[in-house]
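Encoded as structure tokens, the structure appears first; notes follow it.
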Amino acid sequence: MRARPKNVLILILCVCVIPLFWISLITKQNVPFPRTDSSGLEDVQDRLQVAEHVNRRREEDLRTLRSHFIQILRSVLQETNQTNRSIADLFQTNQALQLSNMSDISSDNSLQLPSLFTYLPHIVGKPQSLRPSFQLSQNRYGVSIVIGIPTIRRDKTSYLQQTVASLIQGMSVEEQKECLIVVFVAEPNDPEYVQEVGRELSKQFPQHLQSGLLELISPPAEFYPDFNNIKQTYGDTKERVKWRTKQNLDFSFLMMYARMKAVYYVQLEDDVIAKPGYFSIMKTFAEQQSSSTWVLLEFSTLGFIGKMFKSRDLPMMVEFFLMFYQDKPIDWLLDYFLAVKVCNPEKDHKHCNRMKGEMRRRYKPSLFQHVGTHSSLKGKVQKLKEKDFGKLMLHRAHVNPRANLKTSLKAYQKFTLHKAYIGEDVFWATTPAKGDYIQIKLDPPIHVEEILIRTGNPDHKDDVLVNGSLLVLPVESSRPVSTLQDSAFTVTSSGFLVVASFKEGLAHVQFSENMEKISCVKVVVEADNENWMIVSEIHIKERKISTPPS
């Protein structure tokens, strides 16, 4: 049968439009723009690396689409050449030749990198499989932390709304602006339940859905394979194999969706409660770590609760999960992922655990408590509880400015001043004597809004500084110190200002906007201490100086 010119033109038009339409859908996803804030260059670097990764994936997608388009175009031209020469001549122009010869995009010798299609061949030709089938979202992005909460229909009690309420109530208004909570309803074959969850969340949290703090998505059924063909392993029942395999895919889809929205990704379960102030604690703890030396931060010891990852690491992790999603549970895969990165097969098991410990760091006490009793696997009961969730925090972490630290006090064991300053642990010093000091030399000097030094903690209430002073050194100024707005402070012979005394183990001072830049903060012991001293909190808060518009 001879092809009509009109039909061929329509076919060519469809071939051109469909790839372009798909590209437009792919590129709609926003890329976070780096913000210059107090978190510093590491925050900017994280965001730039995320954006760079997205650009590389865009290039791969475009190459694949162009290659497929050219193959289809050549097939159409070949068929048209046999049936209708006049139409073929229409496309055998210089532009068509240039398209078919584009810099090795369509070359038969070009390498095809592994992609989702390699591990999930059942989604080939189904672009809808990579988009949420249901979504309630204001498309918030560029925040510090995105929290993913996978959930399914439960036969017993649902704790989802309690979990979301606990997370929202545990944040301040300012913290909520830096966060995104994504509820992932993993019921691709039950759209009525997905919509029911959407209605319930819309009813209970309308303000937070509107503001963009809270989102709800559900994956498409096309993303999942036929679970009846999954091979049974490790003596697990068929039902358990299906459950763990689907869970691997659920977590992978959620991670891929969330990775572009924040610097850090934290995964929870749908039956937990959070400790008030958890958000700033997680953010501060992450920012205090060297960005290149950790893969996982744990804020809970249970399951996949309170696990934090750098968003830029998620594509690599998801690819690893998808390689073996039919073979092993997700918690096993996570441990194997760390082992592959750092373990030396020529070393023993202890060395491997020590190396994994460098990449997998735990914050204590736990910030999340598991409250559910029934697992997402039908019939499984798990009464797991965090033993240290109710414990009071022995130290508080803050993002302090860069400084050089010096002290005359002797640290007990591993409890150093450096660890207290970065919020990793307490500084525990043996009996302080008159004249001992802690010196924090700010590099560079900064405008300071507030300083807080806390000694003692709930486990050692008597290890406080009883007689001590807090001093600061303003930078050299053309004006004498006595003319400063804060001249009410006592001035020492060395130019330090005595800004506070320790009362019940605490020294706290707030400065006015007219205060000069401060180059040094000092704690001085004024009399011999009967007990040892624990410094459990150091907070030097930098004042943000707004620049007038030019």
Side-chain angles (χ1 to χ4, degrees), residues 37-40 42-43 46 143-149 163-181 213 262-269 272-291 293-311 360-371 386-401 415 418-427 450-454 456-459 506 508 534-542:
D37 56 15
S38 60
S39 31
E42 287 191 1
D43 188 16
D46 286 342
V143 297
S144 296
I145 298 175
V146 54
I147 300 174
I149 308 176
T163 298
V164 174
S166 174
L167 292 174
I168 294 176
Q169 293 167 6
M171 288 187 285
S172 67
V173 174
E174 290 302 316
E175 289 172 337
Q176 291 177 11
K177 295 177 182 178
E178 280 291 300
C179 182
L180 171 63
I181 301 171
L213 170 63
V263 177
Y264 304 110
Y265 171 78
V266 175
Q267 183 147 324
L268 296 176
E269 293 182 5
V272 301
I273 56 174
K275 185 170 291 186
Y278 72 93
F279 180 88
S280 289
I281 295 173
M282 291 195 303
K283 181 183 176 184
T284 301
F285 188 70
E287 290 174 344
Q288 296 288 13
Q289 312 299 316
S290 174
S291 64
T293 57
W294 65 273
V295 172
L296 167 64
L297 300 182
E298 296 185 282
F299 299 93
S300 170
T301 61
L302 303 178
F304 231 91
I305 299 174
K307 303 297 185 280
M308 174 183 278
F309 309 92
K310 288 171 281 191
S311 292
R360 183 175 193 160
R361 302 177 185 178
R362 166 97 196 281
Y363 177 88
K364 299 178 181 179
S366 298
L367 299 182
F368 304 97
Q369 179 62 285
H370 184 256
V371 296
E386 282 286 5
K387 295 180 180 180
D388 64 351
F389 176 76
K391 291 185 179 179
L392 296 174
M393 288 182 291
L394 302 182
H395 69 278
R396 290 181 178 271
H398 297 282
V399 180
N400 289 311
F415 304 101
H418 174 73
K419 288 186 176 181
Y421 190 73
I422 67 173
E424 184 176 322
D425 211 327
V426 300
F427 171 41
E450 168 181 20
I451 300 176
L452 184 149
I453 309 290
R454 188 188 306 275
N457 67 20
D459 280 359
L506 177 68
H508 183 210
I534 287 178
V535 178
S536 55
E537 183 176 6
I538 301 175
H539 187 197
I540 301 175
K541 185 177 181 180
E542 183 176 1

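Counting from 1, the numbers follow the sequence of the chain as shown.
Looking only at side-chain heavy atoms (C-beta outward), Leu213 and Leu180 stay at 4.5 Å or farther from each other. Contact check for Ser166 versus Val272: no side-chain heavy atoms found under the 4.5 Å cut-off. You'll find the side chain of Glu450 reaches within 4.5 Å of the side chain of His508, heavy atoms only. Inter-residue side-chain proximity for Pro401 and Ile540 is flagged as met; some heavy-atom pair is nearer than 4.5 Å. In this structure the side chain of His370 reaches within 4.5 angstrom of the side chain of Ile305, judged on heavy atoms. Counting only heavy atoms from C-beta outward, the side chains of Leu367 and Ile281 approach each other to under 4.5 Å. You'll find the side chain of Phe309 reaches within 4.5 Å of the side chain of Tyr265, heavy atoms only. Annotation: side chain of Ile534 is not in contact with side chain of Phe427 (no heavy-atom distance under 4.5 Å).
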- [ ] Carefully, step by step, assess Ile181 and Ile149 under the rule side chain to side chain contact (heavy atoms under 4.5 Å, CB included).
- [x] CA-CA 8 Å; Ile181 301 171; Ile149 308 176; 3.8 Å; yes
Open item on the list: One pair to check against side chain to side chain contact (heavy atoms under 4.5 Å, CB included): Val426 and Lys419. What are the steps and the verdict?
Closed with: CA-CA 6 Å; Val426 300; Lys419 288 186 176 181; over 6 Å; no
TODO: Apply side chain to side chain contact (heavy atoms under 4.5 Å, CB included) to Leu452 and Glu537, showing your working.
DONE: CA-CA 7 Å; Leu452 184 149; Glu537 183 176 6; 3.6 Å; yes
- [ ] Begin from the C-alpha positions of Thr293 and Arg361 and carry the test side-chain hydrogen bond (donor to acceptor under 3.5 Å, both in side chains) through to its verdict.
- [x] CA-CA 10 Å; Thr293 57; Arg361 302 177 185 178; 2.9 Å; yes
- [ ] Report the C-alpha separation of Phe304 and Leu268 in whole Å, then their side-chain angles, then the decisive distance to 0.1 Å, and conclude whether the side chain to side chain contact (heavy atoms under 4.5 Å, CB included) test is met.
- [x] CA-CA 6 Å; Phe304 231 91; Leu268 296 176; over 6 Å; no
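Taking all atoms of both residues into account, the shortest heavy-atom contact from Asn457 to Ser536 is CB-CB, 4.3 Å. Closest approach of Ala262 and Val146 over heavy atoms only: CB-N, 3.5 Å. The minimum heavy-atom distance between Met171 and Gln176, with the atom names listed, is O-NE2, 3.7 Å. Listed here is the closest heavy atom pair of Met308 and Trp294: O-CZ3, 3.7 Å. Taking each heavy atom of Ile147 and Cys179 in turn, the nearest pair found is CD1-SG, 3.9 Å. For the pair Asn400 and His539, the tightest heavy-atom approach, listed with the atom from each and the gap, is OD1-CA, 3.4 Å.
Once rounded to the nearest 0.5 Å, the distance linking OG of Ser300 with CD of Gln267 reads 12.5 Å. With rounding to the nearest 0.5 Å, the separation of CD in Glu287 from OG in Ser144 is 6.5 Å. Annotation: the span from Leu297 atom CG to Met282 atom CE amounts to 10.0 Å, rounded to 0.5 Å.
Listed by chain and residue number, Phe368 satisfy the ring-ring contact (aromatic ring centres under 6.0 Å, His included) test with Tyr278 (two or more places apart in sequence, or in another chain). Residues satisfying the salt bridge (charged side-chain N to carboxylate O under 4.0 Å, His left out) test with Glu298, not counting sequence neighbours, are Lys307, Arg360.
Ring to ring, Tyr363 and Phe285 are close: their centroids are under 6.0 angstrom apart.
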